[in-house]
Amino acid sequence: MLENNAKLLSVKAVNKSFGRRQVLFDVSFDIEPGRIVGLIGPNGAGKTTIMKSIAGLTGYQGSIEIDGQKVSKDHLAPLKKVGSLIETPGIYPYMSGFNNLKLYSQNTSAEDLGQIMEQTMVTDFANRKAKKYSLGMKQRLGVAIAMLDNPELVILDEPMNGLDPESVHSMRQVLRNLADQGASVLISSHILSELELVADDLVVVNHGHILFNGTKADFFASQAHGAEGSTVILKTSNDKKATSLLSALGFETTTTGDLRIITDSEHSLNKLLQQLVMNKIEIHEITEERQSLEDSFIELIKGGKE
């Protein structure tokens, strides 16, 4: 068993080259038990290569450890703790979904297998030959295979690809349940709005370099409090008076639709609220307008020097 402060997965200074072309540069990050980590980056950024390195599918320079044991193409024993779906599911087309699951299962009871099939919404087509499956069906079966035998680390490369909205919602719940049960999840997806809903931590990669590694909250904080600050939306008893007051104090305000005020280190939210209260302007509602993960990601990529 892992200690409470242990890292289930530890990736340290990983480099990878294909011939003379280097694709990963000193990639480092950890995953703690019970955390969902979103691995995000544009096409060709190195996400799948990182996942393949962790899963022992390709060589690398550096160190990757699962529960303290180093992983390499020549040392695959730690991968007994890992379930993965990388690129396309390894499904036998002339076998049914159920028989594919039985084939890959080593220590999964019939009861647990039934629960996995229900959770991933495979049950309805489990007895049909896999060659007749749609992309979404294959993805769901691939995720079900990755969940077999109670893995401690689940690696999923674009698992929501081809899924309808209901299946995407169910997949989020599956991932959350895995984490709540103590498993670590590493997931990549081009559907950043879905990663925003499910991920605890984020690793942003571009051109093989890590641009951000930390909690989702820290990512948004790092993006929100840059040069442009963050935007607060106010509803008050007198928006006109509030706009005039705050503008005179140097706050940048906009009155298109709702009253929006940009805050920064000099013009803080605390100072804003204090001035409204002192001038007897009632605050009916206050919300912070935050960029989406997709917008913040695009800004970070554009601003990256790598």
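Please read all numbers here as calculations on a predicted model, not as lab measurements. All residue numbers in this chain count up from 1 along the given sequence.
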Item to complete: Show your working on side chain to side chain donor-acceptor pair (under 3.5 Å) between Thr215 and Asp201 and close with a plain yes or no.
Response: CA-CA 4 Å; Thr215 67; Asp201 307 311; 5.2 Å; no

[Y] backbone acceptor or donor facing [X] side chain under 3.5 Å:
X      : Y      : result
Asp218 : Gly214 : no
Asp149 : Asn107 : yes
Ser237 : Glu282 : yes
Ser105 : Leu101 : no
Ser17  : Gly19  : no
Asn279 : Ile281 : no
Ser170 : Glu166 : yes

Side chain to side chain, [X] and [Y], heavy atoms closer than 4.5 Å:
X      : Y      : answer
Leu85  : Ile155 : no
Leu192 : Ile40  : yes
Arg35  : Ser184 : no
Val37  : Leu202 : no
Ser268 : Lys271 : yes
Ser189 : Glu158 : yes
Asp30  : Leu9   : no
Leu246 : Lys241 : no

For [X] and [Y], work out which heavy atoms get closest and say how close.
X      : Y      : answer
Pro89  : Gly142 : CB-CA, 3.9 Å
Gly162 : Leu135 : CA-CD2, 4.0 Å
Val71  : Pro78  : CG2-CB, 3.9 Å
Ala144 : Thr120 : CB-OG1, 3.5 Å
Gly46  : Leu24  : O-CD2, 3.8 Å
Val27  : Val11  : O-CG1, 3.5 Å

Looking at [Y] and [X], is any side-chain nitrogen of the basic one under 4.0 Å from a carboxylate oxygen of the acidic one?
X      : Y      : value
Lys235 : Asp239 : no
Glu32  : Lys7   : yes
Lys216 : Glu196 : no
Lys81  : Asp67  : yes

Fill in: Residues Leu153, Ile66; criterion side-chain contact (heavy atoms from CB on, under 4.5 Å); working and verdict
CA-CA 8 Å; Leu153 171 64; Ile66 296 174; 4.2 Å; yes

Do [X] and [Y] share a hydrophobic cluster, counting only Ile, Leu, Val, Met, Phe, Trp and Tyr and linking them when any side-chain heavy atoms are less than 4.5 Å apart?
X      : Y      : result
Met121 : Val174 : no
Val277 : Val232 : no
Ile286 : Leu249 : yes
Ile116 : Met137 : yes
Leu178 : Leu197 : no

Practice prompt. Report the C-alpha distance between Leu234 and Ile261 in whole Å, list the side-chain angles of each, state the deciding distance to 0.1 Å, and finish with yes or no for side-chain contact (heavy atoms from CB on, under 4.5 Å).
Written response: CA-CA 8 Å; Leu234 281 180; Ile261 302 98; 3.4 Å; yes

Practice prompt. Given salt bridge (Lys or Arg N to Asp or Glu O under 4.0 Å), test Glu252 with Arg260 step by step and report yes or no.
Written response: CA-CA 8 Å; Glu252 184 177 342; Arg260 285 175 162 80; over 6 Å; no

If you count every heavy atom of other residues, nucleotides or ligands that lies below 6.0 Å from [X] atom [atom1], does the total exceed 12?
X     : atom1 : answer
His75 : NE2   : yes
Asn43 : CG    : no
Phe18 : CZ    : yes

Discussion item. Check for me whether Lys131 meets the cation-pi criterion with Tyr133, that is, NZ or CZ under 6.0 Å from the six-membered ring centre and within 45 degrees of the ring axis.
Written reply: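 Checked: cation-pi criterion not met.
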
About how many Å separate [atom2] of [Y] and [atom1] of [X], when rounded to the nearest 0.5 Å?
X      : Y      : atom1 : atom2 : value
Leu148 : Asp112 : CG    : CG    : 10.0 Å
His169 : Leu163 : NE2   : CG    : 13.5 Å
Leu175 : Leu156 : CG    : CG    : 6.0 Å
Lys129 : Ile91  : NZ    : CD1   : 15.0 Å
Asn100 : Tyr92  : CG    : OH    : 8.0 Å
Asn213 : Phe29  : CG    : CZ    : 7.5 Å

Using a distance-only test with no angle check, is there a side-chain donor-acceptor pair under 3.5 angstrom linking [X] and [Y]?
X      : Y      : answer
Lys16  : Ser53  : no
Ser247 : Thr253 : yes
Asn15  : Gln22  : yes

Worksheet item: Taking it one step at a time, do Val205 and His209 satisfy side-chain contact (heavy atoms from CB on, under 4.5 Å)?
Response: CA-CA 5 Å; Val205 60; His209 296 262; 5.8 Å; no

Item to complete: Could you check whether the rings of Phe219 and Phe212 sit parallel, tilted or perpendicular, using 30° and 60° as the cut-offs?
Response: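 Correct class here is perpendicular.
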
Worksheet item: Under the criterion side-chain contact (heavy atoms from CB on, under 4.5 Å), which of Ile191, Val143, Leu195 is the partner of Met160?
Response: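 That would be Ile191; it is the only one of Ile191, Val143, Leu195 passing the side-chain contact (heavy atoms from CB on, under 4.5 Å) with Met160.
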
Worksheet entry | Verdict with reasoning, Val14 to Gln61, per side-chain contact (heavy atoms from CB on, under 4.5 Å) | CA-CA 6 Å; Val14 168; Gln61 295 78 46; over 6 Å; no

Worksheet item: After noting the C-alpha distance and the side-chain angles of Asp200 and Arg176, does the key distance pass the salt bridge (Lys or Arg N to Asp or Glu O under 4.0 Å) rule?
Response: CA-CA 10 Å; Asp200 302 306; Arg176 190 74 264 163; 3.1 Å; yes

Fill in: Steps toward side chain to side chain donor-acceptor pair (under 3.5 Å) verdict (Gln173, Asn177)
CA-CA 6 Å; Gln173 191 59 53; Asn177 288 342; 3.0 Å; yes

Fill in: Derivation of the salt bridge (Lys or Arg N to Asp or Glu O under 4.0 Å) call for Asp157 and Lys47
CA-CA 8 Å; Asp157 186 14; Lys47 303 186 299 297; over 6 Å; no

